[in-house]
> 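I have a structure I would like to understand better, so I am pasting it below and will then ask my questions one at a time.
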Number of protein chains: 2
Amino acid sequence: MNKPSKKSALSESGSKPGSANINPNSAKKIKSFRRQKFTEKELLDQLLKGDKTALGRGITLIESNQQKHQERAQKLVEGALPHAQKSIRIGITGVPGVGKSTFIEAFGSHLIEQGKRVAVLAVDPTSSVSKGSILGDKTRMENLVKEENAFIRPSPSGDSLGGVAKKTRESIILCEAAGFDVLLIETVGVGQSETTVHSMTDFFLLLKLAGAGDELQGIKRGIIEMADAIVINKADTGNEKAAREAKLDFKRALHLYPPKESEWTPKVLLCSALYNSGISEIWELIQEYQELVKKNNYFQHNRHEQNKFWLLQTINEYLKNRFYQNPLIKKELNDQLKAIENNETTAFAAAKYLIKKYDSL
Amino acid sequence: MNKPSKKSALSESGSKPGSANINPNSAKKIKSFRRQKFTEKELLDQLLKGDKTALGRGITLIESNQQKHQERAQKLVEGALPHAQKSIRIGITGVPGVGKSTFIEAFGSHLIEQGKRVAVLAVDPTSSVSKGSILGDKTRMENLVKEENAFIRPSPSGDSLGGVAKKTRESIILCEAAGFDVLLIETVGVGQSETTVHSMTDFFLLLKLAGAGDELQGIKRGIIEMADAIVINKADTGNEKAAREAKLDFKRALHLYPPKESEWTPKVLLCSALYNSGISEIWELIQEYQELVKKNNYFQHNRHEQNKFWLLQTINEYLKNRFYQNPLIKKELNDQLKAIENNETTAFAAAKYLIKKYDSL
């Protein structure tokens, strides 16, 4: 994009009155576009029509850290809410090298063939540090990115997983309001990011490679427990035996866990995203899941619980931040920690003291 | 103990002036004992001399939920602090049936033979519900309970794990001030109780039985990760093969984890608490650990981090409780949850609203 001229967009288009190429209406549109001074109403209207440019612009507002943008974003999200919720949100995770992008390319293309509109978002708490965000390199999904019915957005940068999560949750609402009915939320699995994605999706898909012992890592990190499906990718020709063995290993691992509240029994599937095999079976499985959880009401119940979780999470974070970021408390906390170290007080007495200080502010 | 008479202890002993059996000094002591009106100073003095009755009484003050008792308890704990900290705190966990009591009986007796003074405490968040607390049945440790140098205290009852943990942490300080230099903190492993015990001990010992596949449960629940030693109990005659296999399984499981910050490599040992075999090796291992972590300074560092954890934990709990127990917030929270369900607001907007309400109170 060109560097914006200091001259206003108005004077620019106004400098060519009666130009054969631009009718006054178009000029008005361009002006408005250049200034990016859409009202929330205009943006919302465009977005509800399924306009991807408006959707992208809305998400940009959400991702902005400017107070003014955040206020506009909130209005936009609130306007979008009654039109949202009509989708299935699928969390996709797996270690680097497992083939997430190739999988999303194949899976997303299949969904579009089925008449779906597919939005791909990402939660990547490392992107702000490394400046390399997942999904940032869209060429890895060269077919999907060209599709009219696909919307791909890299992970927002943020200074905390909580911040990234908030932005992604709100972006989900805009995507849904824009008529995207399958949402794929990708994460690379750093720290708590899988748990975060799990807490904002309806179905959680774990991508794995055939490889002995790997299932123990998944058990260890609590990821197997969250999975609704484990998909062993790269189950290509020549790799069948290892893939079948991995399937057995993961099936055994899944048996460690008590039945899920959703009444769904997690499945292990094989696929080759590269050769496009096993992809349609995965979508069939997810539809089977969706049917079950809509029938037994777990779908709505789970979304409600997720909303409650995010509400409490946001409040708790706020209460903590306000306490610990108070300059006096910062100093006093330091002093109390020293006193504990010197055996002059206990953790509990120190806590009581700090709270008293805080309350007297 | 007899039901206390309504007549005061003073008039009771005073009713027998010049009794041959009781000199005026003893009478005074009995009076004071019956009324339980020790000053904190008196109690502390007795406790610092290693008096088990005083220690028991101090812990009773800690466990009391009465405001007055809590104030006295806090003074007592503060007075004990400079004399505490000189111990090793060993966390012991394992599922019911693994033989924890038999193990503690054998291990504690061995420690006393080595000239140690041993206090046994328990963290059992279920005791308040089931009314059956662990260590409550002291006959399960019939030898240890008779030892002058042993102090055994059942789990305090409490309405929350946090409450039980606070009481246990403060009891630890009193035990240490009373000269007990090995503390065994037992837990049965319900919910988060292992993590809680881990966060208040120097060494974490996981008791296991020989049994194929069991190691996966430990990995799943994150317990293997915390263990400094895994002891396979009931490695008796006839059970050697299963025990050796279990040892290999757990060794493999331990290899899943990155090196510990303590620089200690967790070990797997076999023992039979019933036949008293393998017990001295466990104490040797713990001494080896202690030597390492005192040398590399992890011992002090870890206790400092634990204190910090408990300080922050206490503050966070308090901030949350105060918010959510506010009657207006309770009502408003309910309304906001309904609004979220009706797609009228988002979790984040609702959080913002509730915090604003809270701040205007």
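Here is the naming used below: chain letters follow the sequence lines, and residue numbers restart at 1 for every chain. Just the heavy atoms: all of them, side chains too, but no hydrogens, waters or symmetry mates, feed the values below.
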> Just give me the residue among A/Ile340, A/Asn343, A/Thr345 that pairs up with chain B most often, heavy atom to heavy atom, under 4.5 Å.
A/Asn343
> Side-chain contact, heavy-atom cut-off 4.5 Å: A/Ile315 with B/Tyr324?
yes
> Counting heavy-atom pairs closer than 4.5 Å to chain B, which one of A/Val77, A/Ile224, A/Asn316 comes out on top?
A/Asn316
> Please round to the nearest 0.5 Å and tell me the distance separating atom NZ of A/Lys352 and atom OH of B/Tyr318.
10.5 Å
> With a 4.5 angstrom heavy-atom cut-off, could you sort out which part of A/Arg303 is near chain B: side chain, backbone, both or neither?
neither
> Is the shortest heavy-atom distance from the side chain of B/Leu319 to the side chain of A/Tyr358 under 4.5 Å?
yes
> At their closest point, which heavy atom of A/Ala347 faces which heavy atom of B/Asn307, and how far apart are they?
CB-O, 3.5 Å
> Could you have a look at A/Lys308, A/Gln300, A/Glu78 and say which one has the most heavy-atom pairs with chain B under 4.5 angstrom?
A/Lys308
> Below 4.5 Å, heavy-atom pairs only: which of B/Phe323, B/Phe309, B/Phe348, B/Trp310 has the largest tally toward chain A?
B/Phe348
> Taking the side chain as everything from C-beta on, heavy atoms only, tell me whether A/Thr346 gets closer than 4.5 Å to B/Leu311.
no
> Contact part of A/Ile355 toward chain B, heavy-atom cut-off under 4.5 Å: side chain, backbone, both or neither?
side chain
> Chain B heavy atoms under 4.5 Å from A/Leu354: which part of the residue, side chain, backbone, both or neither?
side chain
> Give the minimum heavy-atom separation between A/Leu337 and B/His304, together with the two atoms involved.
O-CE1, 4.0 Å
> Less than 4.5 Å to any heavy atom of chain B: does that hold for the side chain of A/Ile173, its backbone, both, or neither?
side chain
> Name the region of A/Glu225, side chain, backbone, both or neither, that has any atom closer than 4.5 Å to a heavy atom of chain B.
neither
> For A/Glu332, does the CD atom sit with more than 12 other heavy atoms under 6.0 Å from it, leaving out its own atoms?
yes
> Counting heavy-atom pairs under 4.5 Å to chain B, which of A/Lys320, A/Gln313, A/Lys166 comes out on top?
A/Lys166
